[in-house]
Amino acid sequence: MTNNKRTVTCGQLDESWAGKKVTLNGWVHRNRDHGGIHFLNLRDHFGMTQVVIDEDADESLKNDAESLKIEYCIAIEGTVRQRPDSMVNNDMKTGSIEVKANSITILNSCETLPFMIDEESEANENLRLKYRYLDLRSQGMQKRIKLRADLAFAVREYFDGQDFLEIETPTLIKSTPEGARDFLVPSRLHEGKFFALPQSPQLYKQILMVSGFDKYFQIARCYRDEDARGDRQLEFTQIDVEMSFVSADDVYAMTEGMYAHIFKKLMNIELTPTFEKITYHDALNYYGSDKPDLRFELKFQDFAPYVEKGDFSVFKSVLSSEKGAVKAMVVPGAAAAYSRKKITELEDEAKKFGAKGLAWMKVTADGLDGGISKFYSETASVITEGLGAKEGDLILLMGADWKTSCNSLGAVRSKLGKDLGLIDESEFKFCWIVDFPLFDYNDEEQCWEPAHHMFSMPQDRFIDSMEENPGDVLGDLYDLVLNGYELASGSIRVHNPELQQRIFNIVGFPKELAEERFGFLLEAFKYGAPPHGGIASGLDRLAMIMAGKQSIREVIPFPKNNVGLSPMDECPANVDEEQIRDLHLQIIKSE
RNA sequence: GGAGGAGUAGCGAAGCUGGUUAUCGCACCGGCCUGUCAAGCCGGGGAUCGCGGGUUCGAACCCCGUCUCUUCCGCCA
């Protein structure tokens, strides 16, 4: 390699190098043989450089050039020269120069590729994952993996400047109940016992606060054994943070500072210092989602005041039930574009979320038309005026219990946002979702359960009378939402053993089980635990959004696929009988 | 666990209501070509049409079953 070792990379040459001798190492990205003259695009991590084998090159060099195929790994020794004005390629960073080759050395050849290595490979994802090393060579993947590394660096830089310590926590931990399904790790030394992989470092970071570390962060790998989606998979990385002696406002400020630093540094975007806050109730009520995409409006309105003025019995019966609600969404100018068939598509979307149907009306010059308009002909002007609808608008209506009504119309809202192109992809709209209820009533089990988890603090004003009506209790809980994705989630924690016990009582969590599962945390709280709270941001999701992608697999070097497999190394996989025996396990085959 | 969509050369796709030598682009092989940058032109090889069964004179196409992938719901404190 001595003589072939690169002196420059493929991304750094410009006119100032003209006349200099250089050696380049990289991969043959494209190969254009014109007979007399021959061009190569040589690619490495840093960029692309055009190499020329001139017509006056000697025969052996021409033969060497001819033998090259795409993705051969080669070394080129040659001279940099400025391109004539008419040959400058402005789409290329190094487009003002080219390297006239003196010698070509093949460092390694390459078989016929399973797919072309391009910015955006069209190969199906499982094939890309099987040959991930090739897929990762593409400039797009190289850029995204670098973005991810830069992101992690910016995070550390920010916290370092704020007196935070990065502290590692174990990945072989105790399985705790609630939440997602744990990944279990059988113990060899302790027959029949198991570790779990952490769903998050939650309990450890709280213990670290009890230990007096004051400000903790960690870029932590987390594991949840649940079905994957575009924005989640079995293992993922979170930016985990916990602080002592803080209120929610302190956590907001710290988090906003972190995102401001990241976006300024990596994208040169100035984020507005204080992110909008929306209550959980309003998010659902107006946008139909606890993670609303605020890049477009389409806010819901209450249609209940108009129901009595019309004859549509479905809505009347919805409102007669205790939790019934009728929501309206005015879609400006969409009447013409939305035929009955296209509205049916919207309805199908709503039905996925439990809606029975989707009612609609179109606003015309004379009033309302189509759908259920005949039931409201008398009050058309009152409705259009009240809803602020104009001629050519489409009014979508959803009647169901409040939650179903909001959620299903929210799904329609999301679809419309995409279909109508209402989303400006260059925008980053953050918002805090606050005032989450602490408890949810489980109708099937007839009991209260924690809406998030059992360690979140109720807001002050509810503490004294928490037991009277648990459903009204709001917690010191918050989510950070960006462009319709839940990006971070956190809370101020309970640090007082008595309060913690009252919460266990409300959700019917047995004292003995609490002792068994996280007795160590409850014990720790008895020894002068400081008030504390924190937040965890999804690093994969953040990288995905910054990269403008729809899937976190585009920013994870070696992701699992949608069914939890890794096509490259083919795991999970069988293991030897002996390994199973050592772990005191037995495989029970399912039917 | 449920609903929709898809499986055709190494890759991406076409093939509508049954009859083709199964088509096209990229890649691959051979040839031509002095300025391309997704180079171009001429030629070539490569497909048991996911698998199994059925209907039919005849199936990539229709029917049944099955497997795999995929999007969504459930799940994800």
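Model, not experiment: these values are computed from the prediction. Convention: sequence-line order gives letters A, B, ...; per-chain numbering from 1. These numbers come from the heavy atoms of this one structure, side chains and all, not from hydrogens, waters or symmetry mates.
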Just distance, no hydrogens or angles: give the donor-acceptor pairs under 3.5 Å from side chains in residues 562-572 of chain A, sequence neighbours left out.
| residue | atom | partner | partner atom | Å |
| --- | --- | --- | --- | --- |
| A/N562 | OD1 | A/R553 | NH2 | 2.9 |
| A/S566 | OG | A/D569 | OD1 | 2.4 |

Where do N or O atoms of nucleotides 38-41 of chain B meet protein N or O atoms at under 3.5 Å, pair by pair?
| residue | atom | partner | partner atom | Å |
| --- | --- | --- | --- | --- |
| B/rA39 | OP2 | A/R32 | NH1 | 3.0 |
| B/rA39 | N6 | A/D33 | O | 3.2 |

Check ion pair A/K341-A/E347 (N to O, under 4.0 angstrom): no
Qualifying residues under ring-ring contact (aromatic ring centres under 6.0 Å, His included), relative to A/F39, sequence neighbours excluded: A/H34
No-H, no-angle donor-acceptor pair, A/R224 side chain to B/rC76 base, under 3.5 Å: no
Contact list for residues 398-414 of chain A, test salt bridge (Lys or Arg N to Asp or Glu O under 4.0 Å), sequence neighbours left out: none
Return a table of donor-acceptor pairs under 3.5 angstrom between the side chains of residues 484-491 of chain A and protein atoms on other chains or two or more places apart.
| residue | atom | partner | partner atom | Å |
| --- | --- | --- | --- | --- |
| A/S489 | OG | A/D479 | OD1 | 2.8 |
| A/S491 | OG | A/S456 | OG | 2.9 |
| A/S491 | OG | A/R493 | NH1 | 2.8 |

Protein N or O to nucleotides 1-6 of chain B N or O, pairs below 3.5 Å:
none

With sequence neighbours excluded, residues passing salt bridge (Lys or Arg N to Asp or Glu O under 4.0 Å) with A/K205: A/D240, A/E242
Secondary-structure notation, RNA chain B, from Watson-Crick and G-U pairs under 3.5 angstrom (| other strand): (((((((..((((.....[...)))).(((((.......))))).....(((((..]....))))))))))))....
Base of B/rG35 paired with side chain of A/E98 (donor-acceptor, under 3.5 Å): yes
Whether A/F39 stacks on the six-membered ring of B/rU36 base, 5.5 Å and 30° limits: yes
Pair listing, side-chain hydrogen bond (donor to acceptor under 3.5 Å, both in side chains) test, anchored in residues 86-97 of chain A, at least two apart: A/E15-A/S96
Restricting to nitrogen or oxygen on both sides, can you table the protein-nucleotides 67-70 of chain B pairs closer than 3.5 Å?
| residue | atom | partner | partner atom | Å |
| --- | --- | --- | --- | --- |
| B/rC69 | O3' | A/N126 | ND2 | 2.5 |
| B/rU70 | OP1 | A/N126 | ND2 | 3.0 |

Salt bridge (Lys or Arg N to Asp or Glu O under 4.0 Å) partners for A/E425, two or more places apart: A/R295
Among B/rG35, B/rC76, B/rA27, the nucleotide that comes nearest once only the side chain of A/T112 is considered: B/rA27
Pairs touching residues 504-515 of chain A that satisfy side-chain hydrogen bond (donor to acceptor under 3.5 Å, both in side chains), sequence neighbours left out: A/Q501-A/N505
A/A123, nearest nucleotide to its side chain (from B/rC76, B/rC28, B/rC11): B/rC11
